[in-house]
Asks: 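Structure provided below as structure tokens; questions to follow.
No hydrogens, no waters, no symmetry mates; every other heavy atom, side chains included, goes into these values.
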Amino acid sequence: FIISALYFNWISIGSCYKVLRMYFKIKKSKKDLDKKIILLDALNAKSGGALVIVDQVINQFIKHNQDNTKLFVAQLKSSQKCQVHDRNIIRIYVDDKYYNLFYMAYWHFFKLPYILLKNDISHLVALSGFVFFRYFKHNIKITVTINNVLPFISKKEKLNYFPRVVSRVKFSLLKKIYCHSIKKSDRIILPSYYLSNLMQKACKCKGKNIQVQLTGCSDSIPLIQNKLNYKNTISLLYLSPIWKYKNHIILIRALHYLKQNNSHNFKLYLVGGFLQKNIRKELEQSARNYNVTDNIVFLGNVDDKVKNEQLEKADILLFASKYEANSIILSEYLACGKLIVSSDSASNKEILSNSALYFNNNDHVCAASQIIRLIEDEKLCEELLKNSKIRVSQLKWDGYALNLLDISKSKR
């Protein structure tokens with residue numbers, strides 16, 4: 001346990017004290033409470049999509065729990081929001097200054113895979129809860145759910161999109177960790193058939209009990225009734241962290257084509273942080289080369305208020321990513337009731353279904369043509385918006401969260 005504590009918060013005596021206090025708090029609950037205990041280790045949930053998933057899992061726990069289960073939630077204070085209070089939820093906030101270098105490195109390399117450990121105590125962990133692994137090490141069954149598709153893409157694709165050797169090595173290591181966990185698991189929940197096919201091939205686990213459960217559409221964004229206004233300037237929005245595999249370059253080329261072949265003026269707004277610093281320079285240089293610098297606005301990271309304002313202002317929402325297990329961004333797009341043009345790769349079609357127009361992720365002319373179709377075909381726009389409403393009603397968080405937490409509706 002001491003080794004675990006040092007892993008969890010090394011160097012600082014105060015840090016070890018916090019870990020020990022957390023340990024005995026959980027141990028006391030296990031001893032004194034005649035209830036199932038679920039430990040939600042969300043310490044590595046820092047990004048927008050990860051926090052959305054964590055919030056929804058908590059919300060569904062509150063909604064469906066029949067006072068027979070306790071939920072412990074471990075989060076960083078920096079990720080703390082105005083949380084809904086419930087007597088069956090015990091929150092453990094870890095101060096960022098006690099968040100050691102090992103954890104920071106782990107977050108940088110491995111992002112946010114989710115793993116659920118089940119016995120009399122369930123444990124949802126971001127592959128970082130060494131303390132809890134030590135404590136719950138006896139007779140543990142594992143249910144795995146993964147949201148990161150990058151470890152499973154081919155070597156050739158990694159060479160194209162991750163030129164740094166370090167990036168390729170870290171995803172190869174992550175793949176090994178995933179496959180090891182999967183081979184130990186009794187049940188696997190995956191967020192798309194696309195990821196399921198890649199993972200089964202890579203990990204050779206076709207005999208496993210694998211379920212596919214799409215994540216839901218958040219109800220925090222009001223459904224906006226949208227009809228494309230035939231105005232001179234068409235506002236395009238791509239909401240996504242800026243990685244090379246997110247394929248922003250195809251939209252810059254499409255914007256150039258639109259500028260050359262359509263009378264409307266287009267403005268492309270890019271919302272998202274630059275996770276690979278060199279990508280911004282490449283994109284800005286491409287914008288200059290294609291003479292669309294004045295038509296692109298890099299907004300970078302923004303808060304939820306600004307993000308929602310941009311979603312409301314946009315005429316057409318774009319998504320160009322090549323590899324996605326299941327994008328929370330697409331769920332947000334659907335919830336906005338806006339016109340969507342997306343690449344046809346990865347799991348995008350699984351989420352959007354018939355609510356969007358699609359283009360080949362290497363074909364900028366096709367992307368531009370689909371945008372033009374929306375401008376020129378009013379009936380098509382109405383049909384897509386109608387389909388979006390139906391799709392939003394089909395994608396629910398409760399199925400995903402209840403599966404993940406192993407809480408059956410029949411127990412309600």
Side-chain angles (χ1 to χ4, degrees), residues 192 194 214 216-219 221-240 247 250-271 292 295-296 307-321 324 326-396:
S192 67
Y194 168 74
L214 297 180
C217 283
S218 175
D219 55 8
I221 301 175
L223 192 64
I224 303 166
Q225 297 303 313
N226 178 68
K227 183 177 180 180
L228 187 61
N229 296 318
Y230 295 92
K231 55 190 179 183
N232 189 49
T233 301
I234 304 296
S235 175
L236 310 173
L237 174 66
Y238 185 16
L239 176 64
S240 173
N247 206 22
I250 206 74
L251 299 182
I252 292 176
R253 293 172 183 164
L255 194 59
H256 172 71
Y257 182 89
L258 289 169
K259 192 173 181 179
Q260 297 293 318
N261 296 278
N262 196 276
S263 59
H264 287 89
N265 182 40
F266 292 90
K267 200 84 168 181
L268 174 60
Y269 295 88
L270 301 178
V271 174
V292 292
N295 302 89
I296 298 178
K307 180 185 75 174
N308 291 339
E309 286 174 355
Q310 291 297 323
L311 285 168
E312 187 172 355
K313 291 177 184 177
D315 294 306
I316 299 174
L317 304 177
L318 305 177
F319 197 78
S321 180
E324 295 291 337
N326 182 315
S327 177
I328 297 297
I329 292 168
L330 292 180
S331 297
E332 291 181 331
Y333 280 8
L334 283 170
C336 288
K338 292 284 184 128
L339 298 167
I340 304 169
V341 176
S342 169
S343 62
D344 62 1
S345 55
S347 62
N348 302 349
K349 278 190 169 183
E350 292 183 53
I351 302 167
L352 296 173
S353 186
N354 60 350
S355 303
L357 296 182
Y358 299 96
F359 61 90
N360 183 288
N361 57 45
N362 290 315
D363 190 343
H364 69 278
V365 175
C366 183
S369 299
Q370 297 291 52
I371 293 171
I372 293 171
R373 283 184 67 194
L374 293 180
I375 297 170
E376 296 179 347
D377 193 337
E378 187 173 348
K379 286 186 178 180
L380 175 62
C381 294
E382 291 176 357
E383 183 182 350
L384 290 172
L385 292 173
K386 181 181 178 181
N387 292 340
S388 290
K389 280 187 182 180
I390 297 171
R391 191 59 179 153
V392 167
S393 68
Q394 294 171 342
L395 295 177
K396 298 296 183 182

Asks: Which residues pass the side chain to side chain donor-acceptor pair (under 3.5 Å) test with Asn295, not counting sequence neighbours?
Replies: Lys259, Asn265
Asks: What are the two closest heavy atoms between Ala314 and Leu237, and how far apart are they?
Replies: CB-CB, 3.7 Å
Asks: CD of Gln310 to CG of Leu270: how many Å apart, nearest 0.5 Å?
Replies: 10.5 Å
Asks: Among all residues two or more places apart in sequence or in another chain, which pass the ring-ring contact (aromatic ring centres under 6.0 Å, His included) test with Tyr238?
Replies: His248, Phe319
Asks: Taking all non-hydrogen atoms of both residues into account, name the closest pair between Glu332 and Lys307 and its distance.
Replies: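 That closest heavy-atom pairing would be OE2-NZ, 2.8 Å.
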Asks: Kindly give the heavy-atom pair with the smallest separation between Leu374 and Cys381, and that separation in Å.
Replies: O-SG, 3.1 Å
Asks: Under 4.5 Å between any side-chain heavy atoms of Ile340 and Leu384, yes or no?
Replies: no
Asks: For Asn261, give me all partners under side chain to side chain donor-acceptor pair (under 3.5 Å), at least two apart in sequence or on another chain.
Replies: none
Asks: Can you tell me how far apart OG (Ser331) and CZ (Arg391) are? Round to the nearest 0.5 Å.
Replies: 9.0 Å
Asks: Got a sec, which residues hit side-chain contact (heavy atoms from CB on, under 4.5 Å) with His256, two or more places apart in sequence or on another chain?
Replies: Gln260, Tyr290, Val292
Asks: Applying side-chain contact (heavy atoms from CB on, under 4.5 Å), name anything that partners Lys349, two or more places apart in sequence or on another chain.
Replies: Asp344, Tyr358
Asks: So, using side chain to side chain donor-acceptor pair (under 3.5 Å) as the criterion, who are the partners of Lys396 when residues are at least two apart?
Replies: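 Applying side chain to side chain donor-acceptor pair (under 3.5 Å) to Lys396 gives none.
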Asks: If you compare all heavy atoms of Asn361 against all heavy atoms of Ser343, which two are closest, and at what distance to 0.1 Å?
Replies: CB-CB, 3.9 Å
Asks: Give the minimum heavy-atom separation between Ser355 and Leu334, together with the two atoms involved.
Replies: CB-CD2, 3.7 Å
Asks: How many angstroms lie between CG in Leu330 and CD1 in Ile351, if you round to the nearest 0.5 Å?
Replies: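 Here the rounded value is 5.0 Å.
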Asks: Is there a donor-acceptor contact under 3.5 Å from the side chain of Ser192 to the main chain of Asn326?
Replies: no
Asks: Kindly compute the distance separating CD1 (Ile372) from CG (Asp377), expressed to the nearest 0.5 Å.
Replies: 13.0 Å
Asks: Measuring from Ile375:CD1 to Leu380:CG, what's the distance to the nearest 0.5 Å?
Replies: 12.0 Å
Asks: Indicate the atoms forming the closest heavy-atom contact of Ser321 with Asn348, along with that distance.
Replies: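 Heavy atoms of Ser321 and Asn348 come nearest at O-ND2, 3.6 Å.
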Asks: Under a 3.5 Å distance rule, please check whether Lys338 uses its side chain to pair with a backbone N or O of Leu311 as donor and acceptor.
Replies: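 Yes, Lys338 side chain to Leu311 backbone: donor-acceptor pair under 3.5 Å.
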Asks: Hey, is the main chain of Leu318 close enough, under 3.5 Å, to the side chain of Tyr333 for a donor-acceptor pair?
Replies: yes
Asks: Closer than 3.5 angstrom, by distance alone: can the side chain of Asp315 be matched with the main-chain N or O of Ser235 as a donor-acceptor pair?
Replies: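 Side chain of Asp315 to backbone of Ser235, a donor-acceptor pair under 3.5 Å: yes, one is there.
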Asks: Enter the distance from Ile371:CD1 to Leu339:CG here, rounded to the nearest 0.5 Å.
Replies: 11.0 Å
Asks: With sequence neighbours excluded, what pairs up with Asn387 under the side chain to side chain donor-acceptor pair (under 3.5 Å) test?
Replies: none
Asks: Who passes side-chain contact (heavy atoms from CB on, under 4.5 Å) against Ala368, sequence neighbours left out?
Replies: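 Per chain and number, Ala368 pairs via side-chain contact (heavy atoms from CB on, under 4.5 Å) with Ala254, Tyr257, Leu258.
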